[in-house]
Amino acid sequence: MTDRPETLVRRTPWPESSSRAVVTPLQPSVVYASESPDALDAQYEGRAPGYTYAREGHPNADVLARKIDAMEVAARGLVVGSGMAAVTAAMFACLKAGDHVLGGDQLYGRSLRMLSQELPRMGIATSLADPTDVAAVEAALRPETRMILIEVVSNPTLRVADLDGIARLANERGILLAVDNTFTTPRALRPFEHGADIVIHSVTKLLAGHSDATLGWVAARDPQLQEAITGTAVTLGLTPSPFDCWLAERGLYSFELRYDRAEENAAALADHLAALPGVARVLYPTRPDHPDADRARALLGERGGNMVTFEVAGGRDAANALVRAAPQIAFAPTLGDIGTTLSHPATSSHRALTPEGRAALGISEGTFRVSVGVEPVELLSRELGAAIAAASG
Ligand SMILES: *Cc1c(COP(=O)(O)O)cnc(C)c1O
C-alpha cells in the first residue's frame with residue numbers, strides 16, 4: 001500500500017535539484033504567497049522584489065520585456081496583452097478630455113479606429129496627416145495637441161515617414177511623439193535614437209514571429225511617464241498571458257536570423273516581381289523607384305524590411321485567381337510570421353474605406369501585400385510568379 005496524501009488540494013513541493021533548468025521556466029501562477037504581512041508590505045512599497053498578483057506583473061512578462069528593452073535600448077518597457085493594448089496603455093496614460101491627438105494617415109487599421117471612434121467618445125479630439133510630409137503634420141497641429149502617433153513604414157504602401165522632421169517638430173512644441181515600430185523592428189530602426197518619447201510594438205508580429213502569441217510592448221523615455229503607463233495598463237487589465245510571453249521569448253532567440261533572411265528574401269522577391277509582365281507596380285523601400293527612396297536610404301540604410309507590396313492588373317477577378325493559384329502561401333491578414341503570408345488590403349485592413357479612399361492611398365483591387373518569410377526565395381519567386389501568371393492569363 002502506498003502512502004496516500006491527506007488531501008489532494010495542497011500543492012506538492014517542487015522537487016529539489018542540484019542542477020538548474022537551462023530554459024526559461026513558465027510561471028502561470030496568478031497569485032504569489034508571501035512570508036508575512038511585513039514581507040508583503042515591503043514588496044508593495046518596493047523595498048523588496050517580488051510578485052503579488054499576475055495582473056500587476058509576472059516573471060514571464062518581465063523576462064520578455066527586458067529582452068525587448070535591450071533591443072530598443074529602452075530603460076524599462078512593459079509587455080501587455082496585445083499590440084493594441086500597448087497603444088491603449090500609451091494613450092490612456094497620457095491623454096485627457098480636451099486634448100488632441102494627431103495620427104499618421106496610414107496607421108494600422110485598429111489604431112485608426114482608436115482615433116476615429118474610441119478617443120472622441122472620451123472627449124479627445126483626433127485628426128490625421130500624411131507623415132511623409134512634415135509641413136502637413138505641422139499644419140495639422142493645434143494648441144491642444146498632446147500626442148503624435150506614427151508608424152515609420154506604412155501599411156500597405158510602405159511609405160516612409162519623415163521621422164526626424166516630425167521628432168524635431170514634436171520636441172519644439174512639447175508634444176509627445178509615439179512611434180509604432182512593429183513593421184520596422186529595432187533591427188532596422190530604433191525610434192528612441194530619433195527622438196521618440198514612446199515606442200510601441202505589436203510583439204505578435206515579427207518579434208514573436210510564429211503567429212502563436214498575441215502580445216504588445218510599450219516603453220517611454222521618461223521614467224515617470226513609464227510609471228504612469230504601467231499603472232494605467234494594470235488598472236485597465238492589459239495583462240499578457242505568461243504562456244504567450246514564454247512563446248514570444250522563445251521566438252526572440254531567432255529574431256535576428258529570421259529578420260535578416262526574410263529581408264534578404266523580400267529584396268530579391270521585389271526585384272523578381274517587378275520584372276514580371278502581369279505586375280503593374282512593386283513597392284519596396286530600398287528600390288530606386290520607391291516614392292520615398294531617398295528618405296528610406298537615409299533612415300533605414302539597406303534595411304528594407306520583410307514586406308513587399310505589388311499590384312496585379314485585372315482587379316478583383318485577377319486577385320481571386322492569384323490567391324487560388326498560390327494555396328501554399330497562407331492568405332491571411334497578418335504579418336511577421338516565419339512563413340510567407342499574403343494579404344489583400346481592399347478586403348481586409350482597408351475594407352472600411354471607400355474605393356475612392358483606397359485609391360487616394362494607392363490601394364486598388366489588385367494590390368497585395370506580402371509578408372515575406374524565411375523560405376528559399378527561389379521557391380517563393382516560383383510560386384508567386386506562377387500565381388501571377390495564372391491571374392493574368
Ligand atoms: C498588428 C499591429 C498592431 C496591433 O497589434 P495586435 O497585437 O494585433 O493587437 C498595431 N500596429 C501595427 C503596425 C500592427 O501591424
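Residue numbers start at 1 and run along the sequence shown. Every value quoted in this text rests on a predicted model; they were computed, and no experiment measured them. Whatever order the structure lists ligands and atoms in, that order sets their numbers, starting from 1. In what follows, every heavy atom counts, from backbone to side chain, and hydrogens, waters and symmetry copies are set aside.
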Give the C-alpha distance, both sets of side-chain angles, the deciding distance and a yes or no for salt bridge (charged side-chain N to carboxylate O under 4.0 Å, His left out) between E193 and R190. CA-CA 6 Å; E193 292 174 358; R190 287 191 288 265; 3.0 Å; yes

Which of these passes side chain to side chain contact (heavy atoms under 4.5 Å, CB included) with C94: D197, I198, T232?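 Among the candidates, only I198 passes.
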
For S371 and N306, does a side-chain donor sit closer than 3.5 Å to a side-chain acceptor?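 A pair is found: one side chain offers a donor N or O, the other an acceptor, under 3.5 Å apart.
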
Looking at T132, is its backbone amide N or carbonyl O close enough to the side chain of R295 to form a donor-acceptor pair, meaning the two atoms are under 3.5 Å apart?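 The answer is yes, because a donor-acceptor pair under 3.5 Å joins these two groups.
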
Test: K205 cationic atom under 6.0 Å from Y259 six-membered ring centre, within 45° of axis: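 No, K205 does not lie over the aromatic ring of Y259.
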
So what's ligand 1 close to, N/O to N/O, under 3.5 Å?
{"from": "ligand 1", "atom 1": "5 (O)", "to": "S202", "atom 2": "OG", "distance (Å)": "2.9"}
{"from": "ligand 1", "atom 1": "7 (O)", "to": "G83", "atom 2": "N", "distance (Å)": "2.8"}
{"from": "ligand 1", "atom 1": "7 (O)", "to": "S202", "atom 2": "OG", "distance (Å)": "2.9"}
{"from": "ligand 1", "atom 1": "7 (O)", "to": "T204", "atom 2": "OG1", "distance (Å)": "2.6"}
{"from": "ligand 1", "atom 1": "9 (O)", "to": "G83", "atom 2": "N", "distance (Å)": "3.0"}
{"from": "ligand 1", "atom 1": "9 (O)", "to": "M84", "atom 2": "N", "distance (Å)": "2.9"}
{"from": "ligand 1", "atom 1": "11 (N)", "to": "D180", "atom 2": "OD2", "distance (Å)": "2.6"}
{"from": "ligand 1", "atom 1": "15 (O)", "to": "K205", "atom 2": "NZ", "distance (Å)": "2.8"}

Pairs flagged by salt bridge (Lys or Arg N to Asp or Glu O under 4.0 Å) wherever residues 90-101 is involved - sequence neighbours left out: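 Sorted pair list: K96-D99.
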
